[in-house]
Asks: 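After the structure tokens below, expect a handful of questions from me.
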Amino acid sequence: MADIDNKDQAEMDPADMEDVEEVEEEETGEDENSKARQLTVQMMQNPQILAALQERLDGLNGSPSGYMESLPKVVKRRVNALKNLQVKCAHIEAKFYEEVHELERKYAALYQPLFDKRSDIVKAAYEPTDEECEWKADEEEELTVSKQDEMKEKAKLEEEKKDEEKEDPKGIPEFWLTVFKNVDLLSDMLQEHDEPILKHLQDIKVKFSDPGQPMSFTLEFHFEPNDFFTNTVLTKTYKMRSEPDESDPFSFDGPEIMSCTGCTIDWTKGKNVTLKTIKKKQKHKGRGTVRTVTKTVPNDSFFNFFTPPEVPENGELDEDSEAVLAADFEIGHFIRERIVPRAVLYFTGEAIEDDDDDYDEEGEEADDEEGEEEADEENDADYDPKKDAAPPAECKQQ
């Protein structure tokens, strides 16, 4: 309230100013915080003060100042030249992201042997050596040598006891299911009937489009043989575009996911968790007899992820389908950029703590600036479009 211009105060009715001064005198002996609250209430009841505040707020909402309209034609002409330069910048930026995609493809081949070995350990196709299993704890977690030896001996005895009681588990049981359950974005999709199926998920891979082909990536979900479906691999392909829209070139902000296609799941009879059977009673209007009708209806399930809404040729979607696709694009991007590269850290929960820290910082930044809504991705302290191979996708249709 102290920021109100002198001009605004001059326009206020003197009687109103006297009212404010009287409040100040009456509250002299009270706590300063209480006095401030009383002053605020008094001032906010004054229509002239509210009008002055509104005028100031209107000037902060980012609306055009009108300066452009006041410029001479010769200056506007030069501004148009700058805008044409900006369009050329957008096309260069599109080329940059195309080359980033090529780099992603190149380095994906270098990562893959490590991811394959991860998969082999998870599904018990490979047993890591003692050297590979050594992990140095953080300094603050390190213990004295004697304490370490004592704990190792105790752990050894416990393991021997467990081995006598039951067979040693193979690989890392429920690795990917645990990852999914640890990530809110994915756990929200899971239903109780999905979990027995996801226990059979052995690996998730990312495949990039071949050189010279339109930009896209495919998520491959590899399953061991199970009683639910005959597929060994379920796929989800995301088609992308990395070029400015001719009708709105200034909106270009990196590659966009334009559409996605799933795959057909060959369910075993009676095991399709995406459908459920319900029974309804129907009463005949004339005779009054009642009959029971059985219907098959859609059921909530993670596996609906593989049957996304189709984008019509005209690109127009109803509100529900658009919301589903927007969430689908976000999930696909998150699996590609975060889950697959850092799966073990989401399994242990370490990556989740890092993500939570990022969101806390975002929230603090948003709170520091009056008038801002929730911080978007550009306000993320870790967000750098030049480092991020594919910025978080937007729900845009062709």
Asks: With rounding to the nearest 0.5 angstrom, report the CG to NE2 distance, N231 to H222.
Replies: 12.0 Å

Asks: For a 4.5 angstrom cut-off between non-hydrogen side-chain atoms, does L201 reach L177?
Replies: no

Asks: Under the 3.5 angstrom rule, does the side chain of D120 hit a backbone N or O of Y126 as a donor-acceptor pair?
Replies: no

Asks: Less than 4.5 Å apart, side chain to side chain, heavy atoms only: is that true for F221 and W176?
Replies: no

Asks: In this structure, would F329 and F334 fall into the same cluster of hydrophobic residues linked by side-chain contacts under 4.5 Å?
Replies: yes

Asks: So which heavy atom on C263 is nearest to which on T307, and how close?
Replies: O-CG2, 4.4 Å

Asks: Say whether Y107 and I335 are linked into one hydrophobic cluster, either directly or through other cluster members, by side-chain heavy-atom distances under 4.5 angstrom.
Replies: yes

Asks: Taking I331 as the starting point, is it possible to reach L190 by hopping between hydrophobic residues whose side chains are less than 4.5 Å apart?
Replies: yes

Asks: How far does OG of S70 sit from NZ of K76, to the nearest 0.5 angstrom?
Replies: 8.0 Å

Asks: Counting only heavy atoms not in K95, do more than 12 sit closer than 6.0 Å to its NZ atom?
Replies: no

Asks: Hey, does the side chain of T129 reach the backbone of E132 with a donor-acceptor pair shorter than 3.5 angstrom?
Replies: yes

Asks: What are the two closest heavy atoms between E337 and E104, and how far apart are they?
Replies: OE2-OE2, 3.6 Å

Asks: Do F302 and Q191 touch side chain to side chain, with heavy atoms closer than 4.5 Å?
Replies: no

Asks: For a 4.5 angstrom cut-off between non-hydrogen side-chain atoms, does L234 reach I265?
Replies: yes

Asks: Just jot down the ring pair (Phe, Tyr, Trp, His ring centres under 6.0 Å) partners of Y111, sequence neighbours excluded, or say none.
Replies: F115

Asks: Please assess T274 against N272 for the test side chain to side chain donor-acceptor pair (under 3.5 Å), listing each intermediate value before the final yes or no.
Replies: CA-CA 6 Å; T274 65; N272 188 347; 2.5 Å; yes

Asks: Any side-chain to backbone donor/acceptor pair from N304 onto N299? Under 3.5 Å, distance only.
Replies: yes

Asks: Would you say that F223 contacts F228 through its side chain, given a criterion of any heavy-atom pair below 4.5 Å between the two side chains?
Replies: no

Asks: Would a single hydrophobic cluster contain both L110 and L114, if residues Ile, Leu, Val, Met, Phe, Trp and Tyr are joined by side-chain heavy-atom contacts under 4.5 Å?
Replies: no

Asks: Look up atom CD in Q86 and atom CD in E93, then write down how far apart they are to the nearest 0.5 Å.
Replies: 9.0 Å

Asks: Do W267 and V297 sit in one hydrophobic cluster, given that two such residues count as connected whenever their side-chain heavy atoms are within less than 4.5 Å of each other, even indirectly?
Replies: no

Asks: Taking atom CD of Q282 as the centre, report whether more than 12 heavy atoms of other residues, nucleotides or ligands fall under 6.0 Å from it.
Replies: yes

Asks: Should R78 and V75 count as side-chain neighbours, where that means a heavy-atom distance under 4.5 Å?
Replies: yes

Asks: Tell me whether K236 forms a cation-pi arrangement with F305, defined as NZ or CZ under 6.0 Å from the six-membered ring centre and within 45 degrees of its axis.
Replies: yes

Asks: Measuring from C89:SG to N84:CG, what's the distance to the nearest 0.5 Å?
Replies: 11.0 Å

Asks: Less than 4.5 Å apart, any side-chain heavy atom of E224 and any of K123?
Replies: no

Asks: Judged by atom type as modelled, is there a donor-acceptor pair below 3.5 Å linking the side chain of N182 to the main-chain atoms of Y346?
Replies: yes

Asks: Please report the shortest heavy-atom distance between Y238 and G332, naming the atom on each side.
Replies: OH-CA, 3.4 Å

Asks: Over all heavy atoms of both residues, which pair between P308 and G262 is shortest? Give the atoms and the distance, please.
Replies: CD-N, 3.9 Å

Asks: Could you check whether any side-chain N or O of T268 sits under 3.5 Å from a backbone N or O of D227, counting only pairs where one atom can act as donor and the other as acceptor?
Replies: yes

Asks: What are the two closest heavy atoms between S216 and K239, and how far apart are they?
Replies: CB-CA, 4.0 Å

Asks: Can you list the residues that meet the side-chain contact (heavy atoms from CB on, under 4.5 Å) rule with V87, with sequence neighbours excluded?
Replies: H91, P249, F250

Asks: Taking D203 for the side chain and S119 for the main chain, is one N or O donor matched with an acceptor at less than 3.5 Å?
Replies: no

Asks: Is the NZ or CZ atom of R336 both under 6.0 Å from the centre of the six-membered ring of F217 and within 45° of that ring's axis?
Replies: yes

Asks: Is there a side-chain contact between H193 and S301 in this structure, where contact means two heavy atoms from C-beta onward sitting under 4.5 Å apart?
Replies: yes

Asks: What's the verdict on salt bridge (Lys or Arg N to Asp or Glu O under 4.0 Å) for R342 and E350, showing C-alpha distance, side-chain angles and the deciding distance?
Replies: CA-CA 10 Å; R342 309 175 69 202; E350 294 165 82; over 6 Å; no

Asks: At what distance, to the nearest 0.5 angstrom, does CD of Q112 lie from NZ of K205?
Replies: 5.5 Å

